[in-house]
Amino acid sequence: MAITQTGARLSSSEVAPEQPLASLADDVRTGLLSRPRWLSPKYFYDDRGSALFEAICATPEYYPSRTEAALLEAHGQEIIEHAAPDHMLELGSGSSRKTRHLLDACDALDQSCQYWPFDVSAQMMLDAGAQLVADYDWLALHALIGDYTGGLTNVPLPEDGRRLIVFLGGTLGNFEPGEARAMLEQIAGLMRGDDQLLLGVDRVKDTATLEAAYDDAEGVTADFNRNVLRVLNRELEADFPVDDYRHRALFDRDKARIEMRLGAGHAHRVTLATLDTAIDIDAGEEIVTEFSHKFTPDTLAALLESAGLAMDRHFEAEGGAYSLVLARRA
Ligand code: AVJ
């Protein structure tokens with residue numbers, strides 16, 4: 001394991017996937033040639049896409065992010081008291097903005113814990129990390145660079161100490177049910193004894209609220225959705241007519257998920273030079289770009305149970321808008 005020491009309390013290392021992950025090229029070839037056509041939401045997040053996601057979180061319609069932050073602020077101390085972590089591993093930590101509520105709670109409770117953010121963007125983690133170690137003088141931060149969908153067995157957590165695994169933002173909702181269970185099983189595989197998982201998920205609610213959250217009036221989400229085509233145009237030398245695509249966000253109540261799609265305004269042929277492929281797209285044809293699953297207390301408990309986990313504490317936003325749960329191995 002290559003460890004880069006960037007300061008006494010700030011270091012980083014790369015986490016290798018268990019098996020080689022599919023490349024962008026392979027994923028796009030598979031998805032675009034399937035029916036319905038699909039693209040993985042993980043390709044939204046180039047620099048522009050990450051900035052657009054931050055902007056989504058600031059729209060009045062997108063309640064999940066601020067609702068989760070409020071729950072972390074209100075219950076941070078109870079969470080840290082209950083989990084008493086020596087090591088906090090966060091999957092998809094991004095800029096670690098919401099995690100500060102947990103670090104504040106550690107601070108208030110004199111629980112000195114090491115923080116292990118895990119994300120693909122080394123730059124974002126190290127920038128945020130430098131600020132974090134400056135703000136919390138007891139904090140040691142070890143940034144883990146990699147794609148956590150490649151598995152967690154190579155995460156270099158020390159054997160000793162109690163673990164709190166943090167998985168926020170409703171990101172689990174991006175996975176299809178079987179994948180979500182597999183992801184939770186991976187997490188459960190890192191947990192022993194009293195170790196805890198802190199999981200944030202969005203809840204099933206009325207269709208209007210859900211669809212508005214994924215189709216804000218300002219059009220930020222629409223721009224975010226179309227951004228995946230810009231990524232493909234750049235990375236695969238493609239020529240998607242980005243502005244010709246219409247953003248759609250529909251709640252499927254049977255599957256309890258928002259589906260984001262991009263619909264072609266006109267029939268066209270797209271060429272992906274890097275893939276040596278051309279695809280004819282019909283007028284109105286749609287590409288599925290994201291699923292965002294929503295849960296009820298029952299479906300959440302059942303999913304946890306299927307992965308060998310059990311709910312220890314459940315913090316709900318007003319009206320059951322959002323859930324934060326602490327779970328342990330069953
Ligand atoms: C970051 C995956 C949790 O599904 O709500 C926000 C992404 N997509 N608006 C979500 C997203 C459109 C977000 N997650």
Side-chain angles (χ1 to χ4, degrees), residues 38-72 90-99 117-121 124 147-149 166-177 179-180 183-184 198-231 245-252 255-263 286-295 299-300 303 317 321-325:
W38 59 269
L39 292 167
S40 168
K42 77 177 178 195
Y43 301 120
F44 283 131
Y45 301 94
D46 64 349
D47 287 345
R48 182 172 182 172
S50 299
L52 283 167
F53 178 66
E54 294 291 316
I56 286 173
C57 293
T59 63
E61 294 93 342
Y62 193 74
Y63 62 85
S65 184
R66 77 177 66 91
T67 306
E68 184 179 66
L71 285 172
L72 288 166
E90 181 172 13
L91 307 180
S93 49
S95 66
S96 302
R97 191 157 25 88
K98 286 182 280 196
T99 319
F118 190 171
D119 215 306
V120 283
S121 171
M124 190 164 27
D147 182 342
Y148 61 77
T149 64
V166 178
F167 194 23
L168 297 176
T171 304
L172 187 70
N174 267 181
F175 298 100
E176 302 222 38
E179 300 167 338
M183 190 67 231
L184 289 176
L198 179 66
L199 178 69
V201 297
D202 196 12
R203 295 273 294 270
V204 169
K205 57 182 60 65
D206 67 281
T207 301
T209 303
L210 284 168
E211 291 186 348
Y214 290 84
D215 193 8
D216 63 280
E218 231 190 297
V220 183
T221 309
D223 201 18
F224 171 79
N225 195 7
R226 283 191 282 263
N227 190 57
V228 73
L229 299 181
R230 284 185 210 112
V231 170
Y245 276 81
R246 198 164 78 94
H247 167 67
R248 299 241 289 156
L250 298 170
F251 183 58
D252 180 332
K255 295 192 166 127
R257 70 189 185 197
I258 284 280
E259 291 191 18
M260 289 212 316
R261 304 181 195 157
L262 288 167
E286 292 187 324
I287 304 171
V288 176
T289 53
E290 185 170 48
F291 296 140
S292 192
H293 291 82
K294 310 301 171 186
F295 296 87
T299 60
L300 181 55
L303 176 60
Y322 198 90
S323 282
L324 210 49
V325 304

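When a ligand or atom number is given, it counts from 1 through the structure's own listing order.
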Numbered atoms and elements of ligand 1 in range of Y45, under 4.0 angstrom, heavy atoms: 1 (C), 7 (C)

Residues T149 and D147: side-chain donor-acceptor under 3.5 angstrom: yes

R226 charged N/C atom sitting above Y245 aromatic ring, 6.0 Å / 45°: no

Residue pair D119 / S93: nearest heavy atoms and the distance that separates them: OD2-N, 3.0 Å

Any P64 heavy atom less than 4.0 Å to ligand 1: no

T221-Y62 side chain donor-acceptor pair, cut-off 3.5 Å: no

Salt-bridge present (R230, D223; N to O < 4.0 Å): yes

G173 to ligand 1, any heavy atom closer than 4.0 Å: no

Contact with ligand 1 for F44, non-hydrogen, under 4.0 angstrom: no

Heavy-atom gap F175 to ligand 1 smaller than 4.0 Å: no

Residue and atom name of the nearest protein heavy atom (relative to atom 8 (N) of ligand 1), distance in Å to one decimal: E290 OE1, 2.6 Å

More than 12 heavy atoms from other groups under 6.0 Å of CG on D206: yes

Shortest protein heavy-atom distance from atom 13 (C) of ligand 1, along with the residue and atom involved: Y62 OH, 3.4 Å

Contact (N/O only, under 3.5 Å) between K294 and ligand 1: no

Partner residues of E218 under the salt bridge (charged side-chain N to carboxylate O under 4.0 Å, His left out) criterion, sequence neighbours left out: none

Numbering as shown, the atoms of ligand 1 that approach N174 to under 4.0 Å (heavy-atom distance): 2 (C), 4 (O)

Heavy atom of the protein closest to atom 4 (O) of ligand 1 (residue, atom name, distance): S292 OG, 2.7 Å

Heavy atom of the protein closest to atom 3 (C) of ligand 1 (residue, atom name, distance): G169 O, 2.8 Å

Plane angle bin for F118 and Y148 - parallel if under 30°, tilted between 30 and 60°, otherwise perpendicular: perpendicular

